[in-house]
Amino acid sequence: MLLDGKAISKTRQTAVKDTVQSLPDAPHLVVVLTTDNPASQSYVKAKEKAAQHVGFKSTLIHDTTLDETRLLQLIDTLNQDPGVHGILVQLPLAKGLNVERVMRAIDPAKDVDGFHPENVAALFQKRPGFVPATPRGILTLLDAYEIEIESKHVVIIGRSQIVGTPLVHLFLHRNATVTVCHSKTEDLKSYTLSADILVVATGRARMITADYIRPGAVVVDVGINRVDGKLVGDVDFEAASKVASYITPVPKGVGPMTISSLLENTLDAYTRQRSQS
Ligand code: GUN
C-alpha cells in the first residue's frame, strides 16, 4: 500500500489553514537562501508556495553575496523583529559560511528547522522544542496510516543531522528498537532484513533493492535524486513495492510531509511567541 505523502500533507495543510483563519494576524516565515543551488531553489520555492497557500506571510531573502558577518546581522534583525515568527536558513550554505555559527545565531524560539543546539538538545532530552521537518513529517505520515511503532525494529540507513539522527530520538521516544546503518556499515542487508520499518536516507539513487527488504516491512524513502531528468528515491520503488506492506513513493512521499511539518512548526512558533507576549 502506498504511503501517500501528498494526500496526508494536503490534509495537514488544510488544518493549518483553518487554524490560521482564526488568528488575529498571519504567522510570518522568513526563508534565507545564500546560494544559487538549483535543488535548494526548488525546495525554497515549494516552502514559500505552501506558506502562502495556508495564509502565512512569507518572505524570501535570496542573497548570494552575504558574508558571515552580514548574515549574522540579518539573523539578529529577524530575531528582534516581533513580526517574524519563523526563520529558516536553507542548507547547504554558500562557501565561507559556518553552519554551526549560523544555526546558533537563530533564536531557538524561531528556529522552525530545529537545527539550533538548544532544539537539538530538547529532542535528545525529550523536552518541548522544534523537531526538524523531515523527521516530524515521517512520524506524522506513519501515524496517519496507524502504523505501529512501539516495540518494532526500525532500521534507519543514514546518520545525517537533518534526518537520520533526529529520527533515532523520535523513534526511541515511541518505544521502538532502533538500528542506525551508514556508509561504513558492513553487511547492510543483515540489518535491513530484520527491519519492521526501514527508513532510507542514503542519497544514492535506487540503492535499496527488493532483496534488502523483509516481506511485509514498511519502507520510507527519504531520497530525492534526479536520474535522466526524473526524480527517483533511494529505494528501487518498482521492485520494493512488491515486497513491502507500505511504501512511500518518490515524489509525493516524504517530500510533501516535510513541507506540511515546516508549516506546523511555524504555526507552533507563532502560537508559543504569542502566548509569551
Ligand atoms: N536542506 C535540505 N533539507 C533542509 C531542511 O530541512 N532545512 C534547511 N534549512 N535546509 C535543508
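Start at 1 and go down the list; that is how both ligands and their atoms are numbered. None of the values given here were measured: they were computed from a predicted structure. FYI, the numbering just counts along the sequence from 1. Side chains included, hydrogens not; waters and symmetry mates left out as well; all remaining heavy atoms used.
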Interatomic spacing from CD1 in Ile208 to OG1 in Thr192 - rounded to 0.5 Å: 6.0 Å

Which option out of Asp113, Ile224, Val99 puts a heavy atom nearest to atom 7 (N) of ligand 1? Asp113

Are any of the side-chain nitrogens in Asp81 or Lys110 under 4.0 Å away from the carboxylate oxygens of its partner? no

With a 4.0 Å cut-off on heavy atoms, is Thr134 touching ligand 1? no

Heavy atom under 4.0 Å from ligand 1: found in Tyr43's side chain, backbone, both, or neither? neither

Looking at every heavy atom in both Ala105 and Asn79, which two are closest together, and how far apart are they? O-ND2, 2.8 Å

I want to confirm something. Looking only at heavy atoms, which of Val31, Val112, Leu91 is nearest to atom 10 (N) of ligand 1? Leu91

Below 4.0 Å, non-hydrogen atoms only: which portion of Leu262 touches ligand 1? Side chain, backbone, both or neither. neither

Under a 4.0 angstrom heavy-atom cut-off, which atoms of ligand 1 come close to Val89? 9 (N)

Give me the atom names and distance for the closest heavy-atom approach of Cys181 to Leu188. CB-CD1, 3.5 Å

Applying the side chain to side chain contact (heavy atoms under 4.5 Å, CB included) test to Asn119, which of Pro132, Pro108, Pro128 qualifies? Pro108

Protein heavy-atom partner closest to atom 3 (N) of ligand 1 - residue, atom, separation in Å: Ile162 CD1, 4.2 Å

Return the CG to OG1 distance between Leu74 and Thr69, rounded to the nearest 0.5 Å. 12.5 Å

Glu264 versus Ser261: any side-chain heavy-atom pair under 4.5 Å? yes

Would you mind running through ligand 1 and noting each atom that sits below 4.0 Å from a heavy atom of Phe115? 7 (N), 8 (C), 9 (N)

Is Lys47 in contact with ligand 1, taking contact as a heavy-atom separation below 4.0 Å? yes

The protein heavy atom nearest to atom 4 (C) of ligand 1 is Gln90 NE2, 4.1 Å

Does the side chain of Asp107 pick up a donor-acceptor pair with the side chain of His116 at under 3.5 Å? no

As an exercise, identify every atom of ligand 1 less than 4.0 angstrom from a heavy atom of Leu88. 9 (N)

